[in-house]
2 protein chains.
Amino acid sequence: MERKKPTTIHDIAKALNLNSSTVSRALNNHPRISEKTRLMVQKTAKKLAYQPNSMAANLRKSSSKTIGVVIPRISRHFFSQAISGIEETAYAEGYSVVICQSMENEKREIRNIDTLISSRVDGILISPAIGTKSYKHLNQIKERDIPLFFFDRYIEEVDASKILTDDFKIARQLAQHLIDQGCKKMAVITGDRQASIYRDRINGIYETLKENGFNMESQLLIKETELIYENGEQAIREWLKQGVEFDAVLGLSDMVAISALKVLQEEGIKVPEDVMVAGFSNEPASALISPAITTVGQPAYEIGQLAVKKLLHFLKEENPMDAHEIAILKSELIIRESTIRTK
Amino acid sequence: MERKKPTTIHDIAKALNLNSSTVSRALNNHPRISEKTRLMVQKTAKKLAYQPNSMAANLRKSSSKTIGVVIPRISRHFFSQAISGIEETAYAEGYSVVICQSMENEKREIRNIDTLISSRVDGILISPAIGTKSYKHLNQIKERDIPLFFFDRYIEEVDASKILTDDFKIARQLAQHLIDQGCKKMAVITGDRQASIYRDRINGIYETLKENGFNMESQLLIKETELIYENGEQAIREWLKQGVEFDAVLGLSDMVAISALKVLQEEGIKVPEDVMVAGFSNEPASALISPAITTVGQPAYEIGQLAVKKLLHFLKEENPMDAHEIAILKSELIIRESTIRTK
DNA sequence: GTGAAAGCGCTAACAG
DNA sequence: CTGTTAGCGCTTTCAC
């Protein structure tokens, strides 16, 4: 089956006895073109169902008007929100967005970036996979002078502007809140502490515990694991089996927090009366279960928005001086029943 | 700031005293090329950090090896799952995927499609926005001989292959289940019944109620509204205020079902003892709240997978004969506490 | 097995 | 204001 050949500017030119460059100008609302021909051309374009071939235009202009985005997975509430912010802002400025999921897998992340480079995106926004240990692929982007921005997560060794949340500070607030509610022994479930976000949060928690005179040996439990649903349950069961005590569980993702809550309830441990539970990232489910779980609301949409703004600003100004700034957006402590001590 | 010019095949050719066409062949593992030059070229390509310009290649080949996907929003569990299925399958076959969100907005959907046509995608998979009433933009795709497939949702007036779930059948099963559990007066919260999915589900429910001798006037309540969280609460409050009775709420999305459940509980109405509640689509939250909500698990990943397979098969076979088939995948009735009558 | 040359569809000097 | 011309980087005949 032969594909029908799409209309080109040459077809329009021929139909109107014009030159294709005139057609191009008319279509792009070039200033030096007569109103009459502009209208003629646009009418004929519509009649012939002309759709510009953006590959050709971009090839010629060597700019794709496209932003590449690499995220771990779109199914996470935070990222789908961030993408909304990215898309809204980009579209408003006439840019398209290409989204790649790394699925928290370094190999895929590398492939994603190759694809984006090949399609000559004008800039890349990335929230690297947790497991990403090498950064050759990221430096490669910089070497090609493609503007690179980290958002939410970052790799310390790679020199690029970052748009982050105040993980350190909000983790402090969250820890302080638990202590204020009477927590004496905190059980923390964290992800890979080499990853920026978990490291920052853990540091905030540590500092706050120390300030409050906690004994870091006896008053803190830490479990480092992948922050998926199942692992919340597993962590709790382990601790329970070991017979260690704790009066608050702080999961660094809502999914582990929810899963922890469920096991506690199953085991007849009351939340928040016996053990308080808090999470991170304000997944929709955290507000819906009972008791509703205290969590941290992150400005996901705003992060996406700001990342694009910074990128576009950089693209316009061509100002390489501010290439390494760090913007930090405020998160919000969302206190719900699960951490309000009642007894 | 001048952007550094990326390496081209000409640069490689020059470095090796070869012709650029030879380089192109070497890079693409063309059969008629000596092993020696192939290796030379590939080595030099790596050394010069060559990344092919896919715009140029695609322009030349007038095929982008890209699949365009239009969905209402990625934040919905069903769609993010479907995208996973689409991406996995497409990547395995060397295709890229461009995702566009219509945000349930017809104007945006039209713009999305224009973008996809302009970027000369090889095919389009779409799950149209609920509000989409016109279909000029969809027929336009077909007129350009770009293969078009509906998945999950479809527009009857547009002639294209479809990959669907068995909404009609599973809605029947769900309704029957409620009746089996003793439901005598069913309150249904549906979305726009002009949309294929809701229409099919409602038809299934109607048929089952009739079969079971329900009086459609007195034993069925219907509220048609946008299926967002808030509207579940609102529907229930309205009915409650009107003083009408019902013993089961069937929300055609989990979000409205959950929201309905919450209000019922707030109002002191016990679920499932006084009123049963069921939803649709198996959002993660539906399993986490208590009581856990009966819902319909849809084969989202499989739908995405199959949609791509059908598209790629069509692209390969160039067989326009099977252009209008309908594939229907089986959903699963997930029965949970919220519909198990205990009294 | 490799080279020469044409051209995908578009834009942007440079003329006039 | 419009036409001419020359590519953007790549693939693909057609030669040899």
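Since we're looking at a predicted model, the values are computed, not measured.
- In this structure, A/Glu302 contributes its side chain and A/Leu329 its backbone to no donor-acceptor pair below 3.5 Å.
- B/Ser80 contributes a side-chain N or O that, together with a main-chain N or O of B/His77, makes up a donor-acceptor pair within less than 3.5 Å.
- Rounded to an integer number of Å, the gap from CD1 of B/Ile12 to P of D/dG9 is 13 Å.
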Name each donor-acceptor pair under 3.5 Å that joins a side chain in residues 94-104 of chain B to protein atoms two or more places apart or in another chain, with its distance.
unit_1, atom_1, unit_2, atom_2, d
B/Gln101, OE1, B/Ile74, N, 3.1
B/Gln101, NE2, A/Glu87, OE1, 3.0
B/Ser102, OG, B/Ile71, O, 3.4
B/Ser102, OG, B/Glu104, N, 3.3
B/Glu104, OE1, B/Ile130, N, 2.8
B/Glu104, OE1, B/Arg153, NH1, 3.1
B/Glu104, OE2, B/Arg153, NH1, 3.3
B/Glu104, OE2, B/Arg153, NH2, 3.0

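- The side-chain tip of A/Arg111 points at the ring of B/Tyr91 from less than 6.0 angstrom away and within 45° of straight on.
- Two residues, B/Val23 and B/Lys61, neighbour DNA chain C, and the one matched to the more 5' nucleotide by heavy-atom proximity is B/Val23.
- A donor-acceptor pair under 3.5 Å is absent between the side-chain atoms of A/Asp152 and the main chain of A/Leu164, judged by distance alone.
- Contacts of B/Asn58 with the nucleic acid, taken as non-hydrogen atoms under 4.0 Å apart, are absent.
- Salt bridge status for B/Glu325 with B/Lys310: present, with a side-chain N to carboxylate O gap under 4.0 Å.
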Could you give the side-chain donor-acceptor pairs of residues 41-51 of chain B under 3.5 Å, partners two or more places apart or in another chain?
unit_1, atom_1, unit_2, atom_2, d
B/Gln42, NE2, B/Ala26, O, 3.3
B/Gln42, NE2, B/Asn29, OD1, 3.3
B/Thr44, OG1, B/Met40, O, 2.6
B/Gln51, OE1, A/Ser118, OG, 3.4
B/Gln51, NE2, A/Asp114, OD1, 2.8
B/Gln51, NE2, A/Gln140, OE1, 3.4

Detail all sub-3.5 Å separations between protein N/O atoms and N/O atoms belonging to nucleotides 1-4 of chain D.
unit_1, atom_1, unit_2, atom_2, d
D/dC1, N4, A/Arg32, NH1, 3.3
D/dT2, OP1, A/Ser34, OG, 3.4
D/dT2, OP2, A/Ser34, N, 3.1
D/dT2, OP2, A/Thr37, OG1, 2.9
D/dG3, OP2, A/Asn19, N, 3.0
D/dG3, OP2, A/Thr22, OG1, 2.6
D/dG3, N7, A/Arg25, NH2, 2.6
D/dG3, O6, A/Arg25, NH1, 3.1
D/dG3, O6, A/Arg25, NH2, 3.1
D/dT4, OP2, A/Asn19, ND2, 3.1
D/dT4, O4, A/Ser21, OG, 3.2

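- A/Thr132 contributes no side-chain N or O that, together with a main-chain N or O of A/Pro128, makes up a donor-acceptor pair within less than 3.5 Å.
- Formation of a donor-acceptor pair under 3.5 Å by the B/Lys162 side chain with backbone atoms of B/Ala160 is found in this model.
- Helix bend of the helix from C/dG1-D/dC16 to C/dG16-D/dC1: the angle between its two end axes, each built from five pairs, comes to 40° after rounding to 10°.
- Counting non-hydrogen atoms under 4.0 angstrom, B/Ser62 reaches nothing in the nucleic acid.
- Rounded to whole Å, the distance from CZ on A/Arg120 to C1' on D/dC8 is 11 Å.
- Contacts between chain B and DNA chain C, taken as any atom within less than 4.0 angstrom of a protein heavy atom, begin and end at C/dG1 to C/dG9.
- Under the 3.5 Å distance criterion, the side-chain polar atoms of A/Asp11 are matched with a main-chain donor or acceptor of A/Thr8.
- Judged by distance alone, the side chain of B/Asp192 and the main-chain N or O of B/Gln194 form a donor-acceptor pair under 3.5 Å.
- Of the residues in residues 42-57 of chain A, none has a non-hydrogen atom less than 4.0 angstrom from any atom of DNA chain D.
- Put simply, the side chain of A/Asn28 never gets that close to the backbone of A/His30: no donor and acceptor are under 3.5 Å apart.
- Note: CG (B/Leu59) to C1' (D/dT11) measures 10 Å, nearest angstrom.
- B/Asp11 has its CG atom 9 Å from the P atom of D/dG9, to the nearest Å.
- Distances shorter than 4.0 Å separate none of the side-chain N or O atoms of B/Ser24 from OP1 or OP2 on D/dC10.
- Between A/Lys133 and A/Glu156 there is no salt bridge, since none of the side-chain N atoms of the basic residue sits less than 4.0 Å from a carboxylate O of the acidic one.
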